[in-house]
Amino acid sequence: MRISAIRLVSIILVILGTAPMANAVSLPHDEFMPADTYGLRVDRPEQILFEVRQYRLTLGSEARTGSAAAVQAGAWVHLEGTSLVPGSDVSRARIVLIEPGARLRPAQLDAANATLVLYYPQPMIEALMQLLTGPGPQYVQGRFYANGTVWADLHAGPVMLPRQ
């Protein structure tokens, strides 16, 4: 049995065209994710997803004894909620606000405290507080992929606008 060149090329194109679809993974809250521009989110990640029920803002400073100029200040937002992923006990997050110019770190899972730790630039605090005090619901999401890619966010769910 001989396969014509046109038929062979067609088969190859079909196989290549369906390969990306075979790798596509559908998870809750995919609609809140930006496009995967670099094609790095192809495997099934460990997902953390919870609805925020309460938050608290902490502003702190620390002065170390023995040093005149050793004062350090920081801001943290602590979030708690209800996990939306069956089997996941992570329902807390800590957002660490980083000073301008400092290097941001990827989100991390503090497994000992079942807490997702996110790092955002300090100037985002106003937008962060507006999101938390705006109409809900609000969600925290973290995705950890096998290739080392990490995605984490705080997002608001769909908000129904009043009709005029």
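Throughout, numbering of the chain's residues begins at 1 and tracks the sequence.
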Just by distance, do the side chain of Thr149 and the backbone of Asn147 share a donor-acceptor pair under 3.5 Å? no
Which distance, rounded to the nearest 0.5 Å, do you find between the CZ of Phe50 and the OG of Ser91? 6.5 Å
Is there a chain of hydrophobic side chains (I, L, V, M, F, W, Y, each step under 4.5 Å between heavy atoms) that links Met129 to Leu131? yes
So do Val140 and Ile48 actually touch side chain to side chain, heavy atoms under 4.5 Å? no
Only counting residues at least two apart or in another chain, list the ones meeting side-chain contact (heavy atoms from CB on, under 4.5 Å) with Leu161. none
Looking at Ala146, is its backbone amide N or carbonyl O close enough to the side chain of Asp43 to form a donor-acceptor pair, meaning the two atoms are under 3.5 Å apart? yes
I'd like to know if Asp30 pairs up with Arg143 as an ion pair, taking the criterion as any Lys NZ or Arg NE/NH1/NH2 lying under 4.0 Å from an Asp or Glu carboxylate oxygen. yes
Sequence neighbours left out, what pairs pass salt bridge (Lys or Arg N to Asp or Glu O under 4.0 Å) with at least one residue falling in residues 130-142? none
I need the full list of ring-ring contact (aromatic ring centres under 6.0 Å, His included) pairs touching residues 131-164, with sequence neighbours left out, sorted by first then second residue. His29-Tyr139, His29-His155, Phe32-His155, Tyr139-His155
Residues two or more places apart in sequence or in another chain: which of them pass salt bridge (Lys or Arg N to Asp or Glu O under 4.0 Å) with Arg105? none
Would you mind reporting whether Gln141 and Pro28 have side-chain heavy atoms less than 4.5 Å apart? no
What pairs of residues pass the salt bridge (Lys or Arg N to Asp or Glu O under 4.0 Å) test when at least one of them lies in residues 75-93, not counting sequence neighbours? Arg56-Glu80
Could you tell me which residues satisfy salt bridge (Lys or Arg N to Asp or Glu O under 4.0 Å) with Glu51, sequence neighbours excluded, listed by chain and number? Arg53
Looking at every heavy atom in both Gly136 and Val159, which two are closest together, and how far apart are they? O-CG2, 3.9 Å
Is the closest side-chain heavy-atom distance between His78 and Thr115 below 4.5 Å? no
Between Pro137 and Pro158, what is the shortest heavy-atom contact and its length? CD-O, 4.0 Å
Starting from Met124, can I reach Val52 by hopping between I/L/V/M/F/W/Y residues whose side chains sit under 4.5 Å apart? yes
Tell me the closest heavy-atom pair linking Leu97 and Pro121, and the distance in Å. CD2-O, 3.8 Å
Between Val150 and Pro106, which heavy-atom pair has the shortest distance, and what is it? CB-CB, 4.5 Å
Which residues pass the salt bridge (Lys or Arg N to Asp or Glu O under 4.0 Å) test with Asp36, sequence neighbours left out? Arg41
Verify the neighbour count for atom CD of Gln122: are there more than 12 heavy atoms of other residues, nucleotides or ligands below 6.0 Å? yes
Joining Ile, Leu, Val, Met, Phe, Trp and Tyr whenever any side-chain heavy atoms lie under 4.5 Å apart, the cluster holding Trp76 also takes in Val96, Ile98, Leu104, Val117, Tyr119
If you draw a 6.0 Å radius around CD in Glu126, do more than 12 non-hydrogen atoms from other residues or ligands fall strictly inside? no
Which residues pass the side-chain hydrogen bond (donor to acceptor under 3.5 Å, both in side chains) test with Ser88, sequence neighbours left out? none
Evaluate the side-chain proximity of Tyr55 to Ile95: yes if any heavy-atom separation is below 4.5 Å, no if none is. no
Here the gap from Thr82 atom OG1 to Leu49 atom CG, rounded to the nearest 0.5 Å, amounts to 11.0 Å
For the residue pair Ala107 and Leu116, what are the closest heavy atoms and their distance? CB-CD1, 4.4 Å
Measuring only between side-chain heavy atoms, which start at C-beta, is Leu154 closer than 4.5 Å to Leu132? yes
Between Ala114 and Val90, the two heavy atoms sitting closest are O-CG1, 3.7 Å
